[in-house]
Amino acid sequence: MDAFILRNGQLAQEDSPDLTETDLFIESGKLKAIGPQLPAVDGVPEFDVTGRVLLPGLFDVHVHLREPGREDKETIKTGSEAAINGGVTGIVAMPNCTPAIDSGGMVQSVLDIASRDARIPVYTTGCITKGRLGKELANIGGMHARGAVMITDDGDPVGNHQILRRAMEYAREFGLIVASHCEVKELSGVGAMNEGEVSYRLGIPGIPAESEEICISRDIRLAHLTGAHVHIQHVTSGEGMRIIERFKEDGIHVTCEVSPHHLIFNETHIQDYDTHYKMNPPLRRPEDNAILLDGLKRGIFDVIATDHAPHTDFEKQLDFGSAPFGITGLETALPSLYQEFIKPGHFGWDLLVKRYSAEPRRLLGHDPVVFKEGSPVNLTIFHPDKETHFTTSFMQSKSKNTPFLDQHVQGHVEMVVLDDAILLDRLTANAS
Amino acid sequence: MEPRKDLLDIASLNLEEIEFVLKTAGPFKELFRKSIKKVPPLRGKTVLTLFYEPSTRTRSSFEIAAKRVSADVTNFTVGSSSVVKGESVLDTIDTLQAMKCDYIVVRHQAAGVPNMIAKHTKASVVNAGDGFHAHPTQALLDAFTLRETFGDLENKKILIVGDILHSRVARSVGRICEKLGMKIGVLGPGSLIPRHRPAFMRTFSSYDEALDWKPDTIYLLRVQLERQKDQFFPSLNEYHNVYGLTDERFRRIEGEGTWVMHPGPVNRGVELGDAVMNYERTLINQQVENGIAVRMAVLYWLKPQTD
């Protein structure tokens, strides 16, 4: 299908809270025409997308693809297919593989696998320190030369302040973003969830929010000292967000992300030791959900990112303390954000497009997706009135560690088109 | 009363269930004075003790209790190393399921493991202590002991002393005492008093202040020696001086007729001085004896879905 026309879609854009009804004429991977009531073209099939939202392909700056090393959990292939299944057309892989992505050669090999196996652009980060051990700088220049888009020891902070300062000074010259997993390890200890009434009741060692907040403050202050661009990953606590907000007001160059699960879930969901709610940094209090949502609406968070973290059933069936941190997110992000926030009116489609498509691309120095005549196609079609049933067979990720497993969530990704490839099509198959 | 399959914690029990166990334990304890201490209710049933954490005392207590209600008992010992690698807890449970046991008494160093097992098996699961989470049979035997000593517990005061933060005993005993209408005070090093403790736990700034509150009984928690290594307090000696029931403090409570409890085993010279061990109002041995009666009552009460 080289050319087709989509009729009566609702176009979502970052600069308008309202959806715009439009037709799209797609030909050879380009938008041939856009506008209401486009004329029919002989021999070009048409599909009615009335009621569907037309989104620019989403972009996720924080995913774990586990390749190389833990291909039992995920591969670049399955992870990128999971992205497509969720309407995401670009992803940034974290470097905490086995071995860690801490050299130019490792970056190259990840990108080589991606170019062979992935149908969407897959970018990779590199480590700040060799082996993510926090002791010696990784080959930052070499990784940059091979295309690493950020450096991060994600999963761990760089504990040594001096090493982090040096890394920031060094990375600054390459224009590399330093992405920070903020945690004071000594304060987290063996903690497995937020420290609070729930952790006391369950008898699970807690991680105080201060563990994250102190590190956020440290990392931004070091960025200020060094002039580096620091990107704070997966902010979970209201106070952590306020710290970032204050530094931003002072004009310090810091960006940050929030994950869907930290917006939607909190420690009270853990209930009966359900490890699908175990991640690091952990789910905080219900009031933090509200503060983070408010921050997202006020523009404190530059991007939404899932921290897609696949783990095997076997590992997640361990006791709560021993099970690994992390939940998957690529496939559930869009429907869950729609169901929890857009449908009830907490924010509009413009916010979603801005924070989960446009800004993530800008963060990497790319142009956001535009819908105008002649531009390349990068499109996700979302049906808001249809449910998605997140069964193991529906999900493309190798791992199924999500609280949405076997749940019905409002909204359904029906089609994903990138350039001249229809990556996912649950629309025309049903139509014909 | 709804039949209950598992005993996982105290928080989820209602008063009726607690009273049932306490009431049932009484006649079982009477048996101990007779030459034949055995009754038949669990004849033909199999009780399996599954201990991932060593505990001779609790395991023996369960074993004797199970035998006195005529169950067959098997002890299953699992090295804790196999938890992390290879066979998971649930794999083990599948194995046990195949052996057709009716009751699984489990102790594990990680909180929530009994909950996980309970969801996975038709056998009744009795939590014999999981991580920092719960130790419900300890709480029930302590409640039984308190009842024996005081009768009505309404507004009686219990002072729990020690590592409140890491103690499953403190969680479960505190909870059952609260359900039975008691007033609960806690005392210990600031680093071991949880920030997010339940509202019913009142705190004191010193032992003297706690004793001024006139507790009816003092409940001493065992000090885990690794807490000192992790710097929760400076030294065992200092712990004894500041939070131990020293001989000097003992003289004060002796004069006031305060009772003393301890879940055992005691660290002499840490939680308490020698003088306390011979005190006529020390309930430590009654706690051990009552433990068997209460565990018999628990096995009698729970209803496995294995039939």
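Within every chain, numbering begins at 1; the chains are lettered A, B, ... in the order of the sequence lines, protein sequences first and strands thereafter.
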Under a 4.5 Å cutoff for heavy-atom pairs, which residue among B:Gly112, B:Ser167, B:Ala11, B:Ala110 has the most contacts with chain A?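 Heavy-atom pairs under 4.5 Å are most numerous for B:Gly112.
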
Please classify the contact between B:Arg195 and chain A as side chain, backbone, both or neither, with a heavy-atom cut-off of under 4.5 Å.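 For B:Arg195, the side chain is the part near chain A, not the backbone.
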
Taking the six-membered ring of A:Tyr200 as reference, does the NZ or CZ atom of B:Arg197 fall below 6.0 Å from its centre and within a 45° cone about the axis?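 Not flagged: B:Arg197 not positioned over aromatic ring of A:Tyr200.
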
Do B:Arg168's NZ or CZ and the ring of B:Phe132 fall within the cation-pi criteria of under 6.0 Å and 45°?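 The answer is no; the distance or angle limit is not met.
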
Under 4.5 Å from any heavy atom of chain B, what part of A:Glu315 do you find: side chain, backbone, both or neither?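 For A:Glu315, there is no contact with chain B at all, as no heavy atom is under 4.5 Å.
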
Consider salt bridge (charged side-chain N to carboxylate O under 4.0 Å, His left out). Of A:Asp153, A:Asp154, A:Asp156, which one does A:Arg132 pass it with?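 Result for salt bridge (charged side-chain N to carboxylate O under 4.0 Å, His left out) with A:Arg132: A:Asp156.
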
Between the side chains of A:Glu183 and A:Ser188, is a donor N or O closer than 3.5 angstrom to an acceptor N or O?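 Yes, a side-chain donor-acceptor pair sits under 3.5 Å.
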
